[in-house]
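Presented below is the structure to which this report refers.
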Amino acid sequence: MSKTMQAGVVGAGLMGREIALVFALAGHRVRLHDQTEAALTAAMERLAAIIDKGIARGLFAEADRAALDRIAPTTDLADFADCAMVTEAVFESQEVKAAVFADLDRHCPADCIIASNTSTIPITVLASCVGEARRGRFIGTHYFSPVSRMPLVEVIPGHFTDPDVVEQVMGICSDLGKKPIRIKDVTGFAVNRLLHVLMIEAVRLVEEDVATPEDIDTACKLGLGHPMGPFELMDATTSSLCLQAQEIMHDAYGERFRPRPLLKARVRAGLVGGRGRPGWRKA
Ligand SMILES: NC(=O)c1ccc[n+]([C@@H]2O[C@H](COP(=O)([O-])OP(=O)(O)OC[C@H]3O[C@@H](n4cnc5c(N)ncnc54)[C@H](O)[C@@H]3O)[C@@H](O)[C@H]2O)c1
């Protein structure tokens with residue numbers, strides 16, 4: 001595979017649009033697909049704002065604006081016929097993803113690599129949505145938000161993934177300026193397993209009146225060197241998403257991932273954080 005390629009991204013939401021941006025910043029041409037023109041317009045506006053803000057903060061150079069011109073938005077997956085690698089970042093639903101993979105399998109060249117950014121669905125299960133011939137070229141690439149700033153990618157081979165494809169994808173991720181690590185296809189991969197152990201214990205500390213959410217965030221930042229405390233992180237990503245992840249891991253691993261009653265109660269009460277909603281740290 002040449003150093004620059006025609007890449008594709010399906011889903012222009014929070015993750016997909018920035019995955020498209022990091023491919024484009026690395027010099028690749030990118031087709032960015034979503035279901036509506038409105039979603040694509042909003043994604044491109046958001047990316048322009050990310051570049052503007054990044055330049056103002058010294059994170060991006062003026063020349064990085066050209067990356068936006070390398071992203072071609074489309075609502076038609078037939079345009080993916082020239083893609084060498086496609087990353088899927090649609091809703092976290094097996095059904096929705098299955099339909100996307102069946103379409104991609106039809107439209108993409110036989111040697112195109114298909115990668116999923118799923119957080120929770122086993123890669124081997126998703127690989128079964130493409131034909132047998134493609135399964136060796138199907139893999140998980142799990143990015144972290146905000147993708148343009150977080151260097152880690154968990155690279156997850158499924159049962160059928162060809163070892164050469166794993167090496168190729170590790171190389172592509174490195175060339176994007178990311179730090180890829182290879183992870184086995186287990187529920188929650190590695191990072192979410194580590195993160196939710198911390199989050200569950202953080203909520204338990206609040207339940208036991210050991211400390212306030214604010215002080216626990218301070219403890220993690222000033223005592224452990226974390227850039228963000230667990231409650232700030234729950235507010236940013238929403239407590240409902242956090243609960244959903246813990247329920248999936250509780251199902252897979254049992255007691256150690258049982259969500260705390262206080263988290264469940266707060267989600268039921270709508271205190272989930274996110275844009276304009278009260279959370280742990282904001283009224
Ligand atoms: N949000 C995170 O921090 C995070 C981190 C790692 C991985 N992920 C995973 O990334 C994926 C995307 O998450 P997100 O937070 O970007 O979601 P999001 O809701 O912001 O974006 C999903 C996008 O997919 C589009 N979409 C849905 N169905 C589609 C289809 N059939 N064809 C084309 N586009 C379609 C939607 O219109 C939307 O723009 C999920 O699998 C999620 O689990 C999310």
Side-chain angles (χ1 to χ4, degrees), residues 8-22 30-47 50 71-80 83 86-108 114-123 125-126 129 138-156 173 178 180-181 183 187-196 199 228 230 232-249 272-275:
V9 175
V10 190
L14 178 74
M15 298 300 288
R17 63 191 178 221
E18 284 202 43
I19 294 171
L21 181 63
V22 298
V30 190
R31 300 197 185 283
L32 177 60
H33 174 274
D34 208 300
Q35 289 172 305
T36 62
E37 296 288 351
L40 290 167
T41 303
M44 293 305 291
E45 283 172 3
R46 185 78 199 108
L47 291 182
I50 289 171
I71 303 177
T74 176
T75 53
D76 189 355
L77 276 186
D79 290 340
F80 279 47
C83 286
V86 174
T87 306
E88 167 279 316
V90 302
F91 298 140
E92 187 70 352
S93 146
Q94 198 169 312
E95 237 186 320
V96 173
K97 288 185 191 287
V100 168
F101 291 132
D103 280 350
L104 283 174
D105 201 19
R106 243 175 333 113
H107 292 298
C108 296
I114 299 183
S116 176
N117 186 48
T118 181
S119 307
T120 57
I121 307 170
I123 299 306
V125 170
L126 293 177
C129 305
F138 192 99
I139 196 162
T141 50
H142 187 224
Y143 293 81
F144 293 82
S145 179
V147 180
S148 55
R149 301 237 306 274
M150 300 294 272
L152 187 72
V153 185
E154 292 181 303
V155 173
I156 308 117
C173 290
K178 298 295 178 197
I181 56 171
I183 301 289
T187 305
F189 311 131
V191 171
N192 277 330
R193 277 174 64 174
L194 289 165
L195 175 65
H196 286 283
M199 283 184 165
M228 230 178 162
E232 287 171 314
L233 191 54
M234 273 189 263
D235 281 352
T237 57
T238 76
S239 288
S240 26
L241 205 63
C242 177
L243 176 59
Q244 192 190 0
Q246 289 173 14
E247 281 169 342
I248 290 167
M249 285 192 279
V272 294
R275 279 217 175 127

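As the structure is a computational prediction, the values presented were derived from the model and not from experiment. Numbering of ligands and ligand atoms starts at 1, following listing order.
Between atom 26 (N) of ligand 1 and the options Val96, Val90, Val147, the minimum heavy-atom separation is to Val90. The heavy atom nearest to atom 21 (O) of ligand 1, considering only Ala39, Gly13, Ser119, is found in Gly13. Nearest-residue assignment for atom 19 (O) of ligand 1 (options Phe91, Tyr143, Phe189; heavy-atom criterion): Phe91. Compare Val100, Ile19, Leu32, Val9 by their heavy atoms: the one nearest to atom 31 (N) of ligand 1 is in Val100. Relative to atom 14 (P) of ligand 1, the option among Glu154, Glu18, Glu95, Met15 with the closest non-hydrogen atom is Met15.
Of the candidates Val9, Ile50, Val30, Leu32, Ile50 is the only one forming a side chain to side chain contact (heavy atoms under 4.5 Å, CB included) with Leu21.
No side-chain N or O of Glu92 forms a donor-acceptor pair with one of Ser119 less than 3.5 Å apart.
The two residues Ile183 and Ala190 have their closest heavy-atom pair at CD1-CB, 3.7 Å. The two residues Cys173 and Val153 have their closest heavy-atom pair at SG-CG1, 4.1 Å. Nearest heavy atoms, Leu77 versus Val100: CD1-O, 4.4 Å. Across every non-hydrogen atom of His142 and Thr118, the tightest pair is CD2-O, 3.5 Å. Nearest heavy-atom pair across Met150 and Phe144 is CB-O, 3.6 Å. A pairwise comparison of heavy atoms in Phe80 and Gly8 identifies CE2-CA, 3.7 Å as the closest pair.
The closest approach between any non-hydrogen atom of Ala89 and ligand 1 is below 4.0 Å. Remark: distances from the non-hydrogen atoms of Glu88 to ligand 1 are all 4.0 Å or more. The shortest separation from a heavy atom of Thr237 to ligand 1 is not under 4.0 Å, leaving the residue out of contact.
Close approach of ligand 1 to Lys97 is summarised as follows: ligand atoms under 4.0 Å from at least one heavy atom of the residue are 40 (C), 41 (O). Under a 4.0 Å criterion applied to the non-hydrogen atoms of His142, ligand 1 contributes the atoms 6 (C), 7 (C).
Looking at Val10 against ligand 1, only its side chain comes within 4.0 Å, counting heavy atoms. Residue contacts with ligand 1 for Phe144 are absent, since no atom lies close enough (heavy atoms, distance under 4.0 Å).
Of the protein's non-hydrogen atoms, Glu92 OE1, 2.5 Å is the one closest to atom 41 (O) of ligand 1. Distance from atom 10 (O) of ligand 1 to its nearest protein heavy atom, with residue and atom name: Asn117 ND2, 2.9 Å. Protein heavy atom at the shortest distance from atom 3 (O) of ligand 1 is Ser145 CB, 3.6 Å. When hydrogens are left out, the protein atom nearest atom 1 (N) of ligand 1 is Leu14 CD2, 3.4 Å; that is the closest non-hydrogen contact. The protein atom (non-hydrogen) at minimum distance from atom 39 (O) of ligand 1 is Asp34 OD2, 2.6 Å.
In this structure, atom 24 (O) of ligand 1 has protein heavy atoms in its sub-4.0 angstrom surroundings.
A donor-acceptor pair under 3.5 Å is formed between the side chain of Glu88 and the backbone N or O of Val90. Without hydrogens or angle criteria, Arg31 side chain to Asp79 main chain gives a donor-acceptor distance under 3.5 Å.
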query = When you look at Ser145 and Thr237, which way does the side-chain contact (heavy atoms from CB on, under 4.5 Å) test go after all the steps?
reply = CA-CA 9 Å; Ser145 179; Thr237 57; over 6 Å; no

